[in-house]
Chemist: 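My structure is below; once you've seen it, I'll send some questions.
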Amino acid sequence: MKSTRKLALWALAFGVLSVLPLEAQPGGRGGRGGGISPGQVFGLLAFDEKFNVTDQQLLALRGALRPLHGEQQQAMAEMFSGEVDWQAMRETMREMQMEMRSKVMAALSETLEEEQIEALKTHMKEQQEQMRSRFGGRGRGPRGGGGGGGDGDGF
């Protein structure tokens, strides 16, 4: 029973941290909509030809994003060791999102050309719009509520 609970907590944390928005959203709260983890950013840039990422850029990104991936895993392990205080976890995760977002953006800015970053932002915005149309948008479900502003492009 205890291992099932721990597995569920890990799954929740991974889900939350794997959708980190990469840059604060203009006009409102950061964290609204479809960001991605360092590993997902790397995979997307490595395998989608529309970003025109060179092998040299990929090597540089791998070197820059690998420690961020490890940092994210270590933070999750520490967060779920012992009893879980959900309120404290919410605040901690919000802080972690902001910090990770800026680190990933710094890695991208140091390695990619502006056109490549803009193409990635455009791609993320399109993906977010698809998710919104598929699931009706954030905060519009049966419990109602709404979020802050933001354009939801994940960056």
Side-chain angles (χ1 to χ4, degrees), residues 5-26 28-81 84-135 137-139 147-155:
R5 179 176 179 220
K6 197 169 193 172
L7 180 63
L9 290 174
W10 271 102
L12 171 68
F14 181 74
V16 170
L17 291 176
S18 70
V19 293
L20 296 176
L22 295 179
E23 187 175 8
Q25 303 299 317
R29 299 187 321 216
R32 177 158 169 101
I36 53 180
S37 73
Q40 290 171 317
V41 169
F42 182 79
L44 183 61
L45 292 171
F47 295 110
D48 195 329
E49 293 179 13
K50 73 180 169 188
F51 301 114
N52 297 319
V53 178
T54 66
D55 290 344
Q56 257 185 329
Q57 287 174 316
L58 284 175
L59 288 173
L61 280 173
R62 181 176 182 246
L65 294 176
R66 179 184 269 177
L68 297 180
H69 175 73
E71 181 181 322
Q72 186 178 48
Q73 288 183 325
Q74 180 180 357
M76 287 174 36
E78 290 171 3
M79 198 179 317
F80 288 107
S81 63
V84 177
D85 176 354
W86 293 103
Q87 181 62 32
M89 181 186 296
R90 175 182 290 157
E91 293 169 15
T92 300
M93 290 182 97
R94 187 173 299 132
E95 291 169 11
M96 287 173 57
Q97 287 176 345
M98 297 290 283
E99 184 179 332
M100 185 62 66
R101 179 181 310 137
S102 66
K103 289 177 181 181
V104 170
M105 280 306 297
L108 293 174
S109 297
E110 289 176 11
T111 307
L112 299 178
E113 301 293 328
E114 186 62 34
E115 299 82 31
Q116 293 169 310
I117 293 172
E118 289 305 315
L120 182 60
K121 287 180 180 183
T122 300
H123 174 82
M124 293 304 302
K125 188 171 186 171
E126 290 169 356
Q127 294 299 310
Q128 185 64 30
E129 290 301 318
Q130 287 179 3
M131 292 297 288
R132 280 193 184 135
S133 67
R134 189 175 301 151
F135 297 109
R138 183 175 170 190
D151 60 9
D153 66 357
F155 289 97

Chemist: Starting at CE of M124, measure out to CE of M131 and round the result to the nearest 0.5 Å.
Modeler: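 So the gap between those two atoms works out to 10.0 Å.
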
Chemist: Taking all non-hydrogen atoms of both residues into account, name the closest pair between A107 and L61 and its distance.
Modeler: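 Scanning both residues completely, I find the closest heavy atoms to be O-CD2, 3.9 Å.
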
Chemist: To the nearest 0.5 Å, tell me how far R101 CZ sits from M98 CE.
Modeler: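 The CZ atom of R101 sits 5.0 Å away from the CE atom of M98.
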
Chemist: If you look at every heavy atom in N52 and Q57, which pair is closest and at what distance?
Modeler: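 Answer, listing the atom of N52 first, then Q57: O-OE1, 3.9 Å.
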
Chemist: Given the rule in the side-chain contact (heavy atoms from CB on, under 4.5 Å) test, do E71 and Q74 qualify, once you have shown the distances and angles that lead to the verdict?
Modeler: CA-CA 5 Å; E71 181 181 322; Q74 180 180 357; 5.8 Å; no

Chemist: Do you know which two heavy atoms are closest between L65 and P38, and how far apart they sit?
Modeler: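 Looks like CD1-O, 3.7 Å.
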
Chemist: Please find the pair of heavy atoms, one from Q116 and one from V53, that lie closest to each other, and give the distance.
Modeler: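 Q116 and V53 have their closest heavy atoms at NE2-CA, 3.5 Å.
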
Chemist: So, taking the atom named CG in L68 and the one named CD in E99, what distance separates them when rounded to the nearest 0.5 Å?
Modeler: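 Rounded to the nearest 0.5 Å, the CG-CD separation comes to 9.5 Å.
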
Chemist: Might you point out which heavy atoms bring S37 and Q40 nearest each other, and give the distance in Å?
Modeler: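 For S37 and Q40, the tightest heavy-atom pair comes out as N-OE1, 2.9 Å.
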
Chemist: Might you point out which heavy atoms bring A46 and L58 nearest each other, and give the distance in Å?
Modeler: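 That would be CA-CD2, 3.6 Å.
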
Chemist: Start with the C-alpha distance between Q87 and E91, add both sets of side-chain angles, then the distance that settles side chain to side chain donor-acceptor pair (under 3.5 Å), and finish with yes or no.
Modeler: CA-CA 7 Å; Q87 181 62 32; E91 293 169 15; 3.0 Å; yes

Chemist: Main chain of L108, side chain of T111: is a donor-acceptor contact present, judged purely on distance under 3.5 Å?
Modeler: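 Absent.
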
Chemist: Salt bridge check, E129 against R132: does any charged N sit closer than 4.0 Å to a carboxylate O?
Modeler: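 Answer for the salt bridge query: yes.
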
Chemist: Hey, would you say the H69 and F42 ring centroids sit under 6.0 Å apart?
Modeler: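 No - the distance between ring centres of H69 and F42 does not fall below the 6.0 Å cut-off.
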
Chemist: Nearest 0.5 angstrom please: Q97 CD to Q72 CD, how far?
Modeler: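 Those atoms lie 10.0 Å apart.
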
